[in-house]
S.K.: 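After the C-alpha cells below, expect a handful of questions from me.
The chain is numbered in sequence order, starting from 1.
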Amino acid sequence: MLHLLFRVLSRINRSTEEVVLHARVAETSSDGMDSDVQGKRRRASRTKQNAPAPIDHPAPLRVTHRQRVLSMRLEHTRLCSSRRCDRLQTMGVVTAGDLSSAKLERLAGHFGAPRKALRVLTQYRRAIRFAAAVPGMMPRDAMLLISIHRRSVRGLASETAPALHRDLERFAESTQGQLQLRGRRIPSTRRLKRWIAACEQTLPQRALGRPTLAVSVVERAA
C-alpha cells in the first residue's frame, strides 16, 4: 500500500516539474521574441534617424527650339563642310549661335576671297536665324527655303504647302539644288504645313504691336 502511494506521489512530482519546466521554456521564448521585436524596432528607428534627408531636385528648365538651334555645333547644322567648320572654330565660332552673333566682316577677312566669304557667311547666318524662328525647322532646311527666295517668317506664312513643295522640287532638279541637297530628300508637304502654321501663329503678335524677337531678327537679316 505504501509502495503504491509512493509511486503516485512520484508521478505527481514529475508532472509538476514538467509543467514548471514547460512554463519556464514558454516564458523564455516569449521574452526572446519580445526582445527580438524590440531590437528590430530599435534598428528601424536608428535607420530612419540615419537616413539622409530627401533632396529636392529643381524642375528641369524647358529648352526652347530657338535655344536648341543656337546651341548646335556648327558641324551639326550641316551648312558647310567639316573643313570650313574647323577653320571657323579656330576663329572662335563653335556653335550656330556664335556665328549668328559674330562680326562677319572680321571673319571674312581671314579667307582668301573676303567678299565671297562674306556673302556665304551671311547666308549661313540668315539660315540659322530663320530656323531659330520657326519651330521644327533646322538650319539646312532654312537654307533650302532661302535658296527659293523664302527668307522671312511673314513670307513663309503667306505660302501654301503644295506651291512651296513644287518650287522645292524644281530647285532639287537644278545643279545648285543637287549640290545643296547631296542626295537627301526635300521636306515633305506635311512638314511644310507645320512650318507655315507656326509662322501664322507668330504673326498675330506682330499685328498687335508686340513683335517677337525671332520675327524681327529674321526680317532684319533678310
S.K.: Write down the atom of Ser152, the atom of Gly155, and the distance for their closest heavy-atom approach.
M.R.: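 Reported closest heavy-atom pair: OG-N, 3.0 Å.
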S.K.: What are the two closest non-hydrogen atoms of His165 and Ser188, and how far apart are they?
M.R.: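 Closest approach of His165 to Ser188, heavy atoms only: CD2-C, 4.1 Å.
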S.K.: Linking I/L/V/M/F/W/Y whenever any side-chain heavy atoms sit under 4.5 Å apart, do Ile128 and Leu118 land together?
M.R.: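 Ile128 and Leu118: one cluster.
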S.K.: Working to the nearest 0.5 Å, report the span between CD of Glu200 and CH2 of Trp195.
M.R.: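 CH2 of Trp195 is found 15.0 Å from CD of Glu200.
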S.K.: Quick one: does Arg126's side chain get under 4.5 Å of Gln123's, heavy atoms only?
M.R.: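 In short, these two side chains touch, coming nearer than 4.5 Å.
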S.K.: Within the 4.5 Å heavy-atom criterion, are Arg140 and Arg184 side-chain neighbours or not?
M.R.: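 Of all side-chain heavy-atom pairs linking Arg184 with Arg140, at least one is under 4.5 Å.
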S.K.: Quick one: closest heavy-atom pair of Ala157 and Ile196, and the distance?
M.R.: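 Where Ala157 meets Ile196 most closely, the heavy atoms are O-CG2, 4.0 Å.
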S.K.: Could you pull out every donor-acceptor pair under 3.5 Å between side chains of residues 72-81 and any protein atom, sequence neighbours left out?
M.R.:
unit_1, atom_1, unit_2, atom_2, d
Arg73, NE, Glu75, OE2, 2.7
Arg73, NH2, Glu75, OE2, 3.4
Thr77, OG1, Leu74, O, 2.5
Ser81, OG, Arg84, N, 3.3

S.K.: Quick check for you: to the nearest 0.5 Å, what is the distance between Leu181 atom CG and Glu173 atom CD?
M.R.: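 These two atoms lie 11.0 Å from each other.
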S.K.: In terms of side-chain geometry, is the basic nitrogen of Arg83 or Asp86 positioned less than 4.0 Å from the acidic oxygen of its partner?
M.R.: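 Between Asp86 and Arg83 there is no salt bridge, as every charged N stays at least 4.0 Å from the carboxylate O atoms.
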S.K.: Please give me the minimum heavy-atom distance between Pro135 and His65, naming the atom from each residue.
M.R.: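 Here Pro135 and His65 meet closest at CA-CD2, 3.6 Å.
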S.K.: Answer yes or no: is there a side-chain heavy-atom contact under 4.5 Å between Leu156 and Leu192?
M.R.: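 Side-chain contact under 4.5 Å: no.
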S.K.: Does Val134 share a hydrophobic cluster with Leu145, counting links as ILVMFWY side-chain heavy atoms below 4.5 Å and allowing steps through other members?
M.R.: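 Same cluster: Val134 reaches Leu145 through Ile, Leu, Val, Met, Phe, Trp or Tyr contacts under 4.5 Å.
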S.K.: Could you go through the side-chain contact (heavy atoms from CB on, under 4.5 Å) check for Arg194 and Arg191 one step at a time?
M.R.: CA-CA 5 Å; Arg194 287 201 297 264; Arg191 291 184 66 192; 3.3 Å; yes
S.K.: Going by heavy atoms in the side chains, are Leu121 and Leu88 under 4.5 Å from each other?
M.R.: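 Touching, per the 4.5 Å side-chain cut-off.
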S.K.: Distance check, rounded to the nearest 0.5 Å: Met138 atom CE versus Met143 atom CE?
M.R.: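 Separation between the atoms: 14.0 Å.
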S.K.: How close do Ala131 and Pro139 get, counting heavy atoms only, and between which atoms?
M.R.: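 Scanning both residues, the minimum pair turns out to be CB-N, 3.5 Å.
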S.K.: According to a hydrophobic-cluster definition based on side-chain heavy atoms being under 4.5 Å apart (Ile, Leu, Val, Met, Phe, Trp, Tyr only), do Ile146 and Val69 belong together?
M.R.: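 No: no chain of side-chain contacts under 4.5 Å links Ile146 to Val69.
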S.K.: Once you round to the nearest 0.5 Å, how far does CZ of Arg166 lie from OG1 of Thr160?
M.R.: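 So the gap between those two atoms works out to 6.5 Å.
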S.K.: With a 4.5 Å heavy-atom cut-off, do Ile186 and Glu169 have their side chains touching?
M.R.: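 When only atoms from C-beta onward are counted, Glu169 and Ile186 do touch, with a gap below 4.5 Å.
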S.K.: Indicate yes or no for a side-chain donor-acceptor contact from Arg87 to the backbone of His110 under 3.5 Å, with no hydrogens or angles considered.
M.R.: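 Yes, Arg87 side chain to His110 backbone: donor-acceptor pair under 3.5 Å.
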S.K.: Is the shortest side-chain heavy-atom distance between Arg154 and Cys199 below 4.5 Å?
M.R.: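 With C-beta onward as the side chain, the pair stays apart.
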S.K.: How close do Gln176 and Ser147 get, counting heavy atoms only, and between which atoms?
M.R.: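 Minimum heavy-atom contact is NE2-OG, 4.4 Å.
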S.K.: Does any N or O in the side chain of Gln67 come within less than 3.5 Å of the main-chain N or O of Thr64, such that one atom is a donor and the other an acceptor?
M.R.: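 Answer holds: yes.
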S.K.: Is NZ or CZ of Arg150 both nearer than 6.0 Å to the six-membered ring centre of Phe130 and within 45° of the ring axis?
M.R.: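 Pair Arg150/Phe130 does not count as cation-pi.
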S.K.: Under 4.5 Å between any side-chain heavy atoms of Ile148 and Arg170, yes or no?
M.R.: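 Of all side-chain heavy-atom pairs linking Arg170 with Ile148, none is under 4.5 Å.
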S.K.: Calculate, to the nearest 0.5 Å, the distance between atoms CD and OG belonging to Gln89 and Ser82 respectively.
M.R.: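 It is 11.5 Å, given to the nearest 0.5 Å.
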S.K.: Does a donor on one side chain sit under 3.5 Å from an acceptor on the other, for Arg125 and Ser100?
M.R.: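 No, Ser100 and Arg125 have no side-chain donor paired with an acceptor closer than 3.5 Å.
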S.K.: Between Asp98 (side chain) and Thr95 (backbone), is there a donor-acceptor pair under 3.5 Å?
M.R.: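 Looks like yes, one N/O pair under 3.5 Å.
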S.K.: Quick one: does Leu99's side chain get under 4.5 Å of Val94's, heavy atoms only?
M.R.: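 No. Closest side-chain heavy atoms not under 4.5 Å.
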S.K.: Tell me, please, which residues at least two apart from Ser158 pass side chain to side chain contact (heavy atoms under 4.5 Å, CB included).
M.R.: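 Partners of Ser158 by the side chain to side chain contact (heavy atoms under 4.5 Å, CB included) criterion come out as none, since no residue qualifies.
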